[in-house]
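Below is one structure; the comments refer to it alone.
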Amino acid sequence: QVQLVESGGGLVQAGGSLRLSCAASGNIFSINAMGWYRQAPGKQRELVAAITTGGHINYADSVKGRFTLSRDNAKNTVYLQMNSLEPEDTAVYYCAAAPYEGMDYWGKGTLVTVSS
């Protein structure tokens, strides 16, 4: 059992920055990978960035060079630093964790709104 709690969303102007946090609790040793997804109004949920067991990080092409995923193992927390935000980045951002076995875990989401 894993619980994920996101924070850090808010309203920013285009060109601004935000840092999202995802704190994991419970059986954290069951987690194989963690990442961030987002879902904009009227669109499907998409992968933003993910970190694998080996520490490799993948980014969506739309955020590459602007977003940075990082992890603090001591705090059981992953972060998503978002720079040069664009209105197209507006979405609910969800933290996700993939266990070695079973279904993925999801946070409740945090809203990011970027105004033009």
Side-chain angles (χ1 to χ4, degrees):
Q1 188 70 30
V2 175
Q3 295 80 43
L4 304 173
V5 180
E6 305 102 329
S7 62
L11 173 63
V12 298
Q13 293 182 237
S17 299
L18 283 175
R19 189 178 76 159
L20 306 182
S21 299
C22 175
S25 61
N27 188 12
I28 60 175
F29 298 105
S30 69
I31 299 175
N32 185 42
M34 295 186 67
W36 290 91
Y37 288 74
R38 68 184 182 185
Q39 187 167 22
K43 297 184 179 180
Q44 297 190 30
R45 188 172 300 185
E46 64 175 347
L47 176 67
V48 178
I51 183 167
T52 65
T53 303
H56 295 94
I57 302 175
N58 297 114
Y59 297 95
D61 290 339
S62 59
V63 307
K64 187 176 181 180
R66 299 188 297 119
F67 291 10
T68 303
L69 177 66
S70 62
R71 176 177 61 191
D72 188 334
N73 291 328
K75 297 181 179 179
N76 299 321
T77 301
V78 294
Y79 305 93
L80 185 67
Q81 179 67 46
M82 305 184 295
N83 298 326
S84 302
L85 284 163
E86 305 168 353
E88 292 74 21
D89 296 317
T90 295
V92 176
Y93 285 71
Y94 297 90
C95 182
Y100 291 98
E101 298 180 2
M103 301 295 293
D104 293 349
Y105 297 94
W106 294 88
K108 294 183 179 180
T110 184
L111 177 62
V112 172
T113 303
V114 184
S115 62
S116 60

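A cation-pi arrangement is absent between Arg71 and Tyr79, since the terminal nitrogen or guanidinium carbon is not both under 6.0 Å from the aromatic centre and inside a 45° cone about the axis.
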Are Leu4 and Lys108 close enough, and set up right, to give a side-chain contact (heavy atoms from CB on, under 4.5 Å), and what steps lead you there? CA-CA 8 Å; Leu4 304 173; Lys108 294 183 179 180; over 6 Å; no
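One finds the CZ atom of Arg38 at 11.0 Å from the CG atom of Leu20 (value rounded to the nearest 0.5 Å). Here the CZ-OG distance, from Arg66 to Ser84, works out to 7.0 Å after rounding to the nearest 0.5 Å. Within the model, atoms OG of Ser17 and CZ of Phe67 stand 9.5 Å from one another, a figure rounded to the nearest 0.5 Å. The CG atom of Leu69 lies 5.0 Å from the CD1 atom of Ile57; values are rounded to the nearest 0.5 Å.
Residues Ile31 and Val78 fall within the same hydrophobic cluster, defined by Ile, Leu, Val, Met, Phe, Trp and Tyr side chains chained together at heavy-atom separations under 4.5 Å. Both Val48 and Ile51 sit in one connected hydrophobic cluster of ILVMFWY residues. Membership requires side-chain heavy atoms under 4.5 Å apart, directly or through other members.
Across all non-hydrogen atoms, the minimal contact from Gly107 to Tyr94 is O-CD2, 3.6 Å. Closest approach of Ser116 to Pro87, counting heavy atoms only: CB-CG, 4.0 Å. The shortest non-hydrogen separation linking Val2 to Tyr105 is O-CD2, 3.3 Å.
Panel note: side chain Thr113, backbone Leu11; no donor-acceptor pair is recorded below 3.5 Å. Using a distance-only test at 3.5 Å, with no hydrogens or angles considered, a donor-acceptor pair links the side chain of Glu6 to the main chain of Gly109. In this structure, the side chain of Gln1 does not engage the main chain of Asn27 through any donor-acceptor pair within 3.5 Å.
Under the 4.5 Å side-chain criterion, counting only non-hydrogen atoms from C-beta, Val114 is not in contact with Gln13. Residues Met82 and Tyr93 have side chains in contact (heavy-atom distance under 4.5 Å, counting atoms from C-beta outward). Side-chain contact between Asn32 and Glu101: absent, with no pair of heavy atoms (C-beta onward) separated by less than 4.5 Å. Counting heavy atoms from C-beta on, the side chains of Thr68 and Tyr59 come closer than 4.5 Å. Side-chain atoms of Val112 and Leu18, non-hydrogen and from C-beta on, do get closer than 4.5 Å to each other.
Judged purely by distance below 3.5 Å, without hydrogens or angles, the side chains of Asp72 and Thr77 never pair a donor atom with an acceptor atom.
Ring to ring, Trp106 and Tyr37 are close: their centroids are under 6.0 angstrom apart.
Counting heavy-atom neighbours within 6.0 Å of Phe29 CZ, excluding the residue itself, gives a total of 12 or less.
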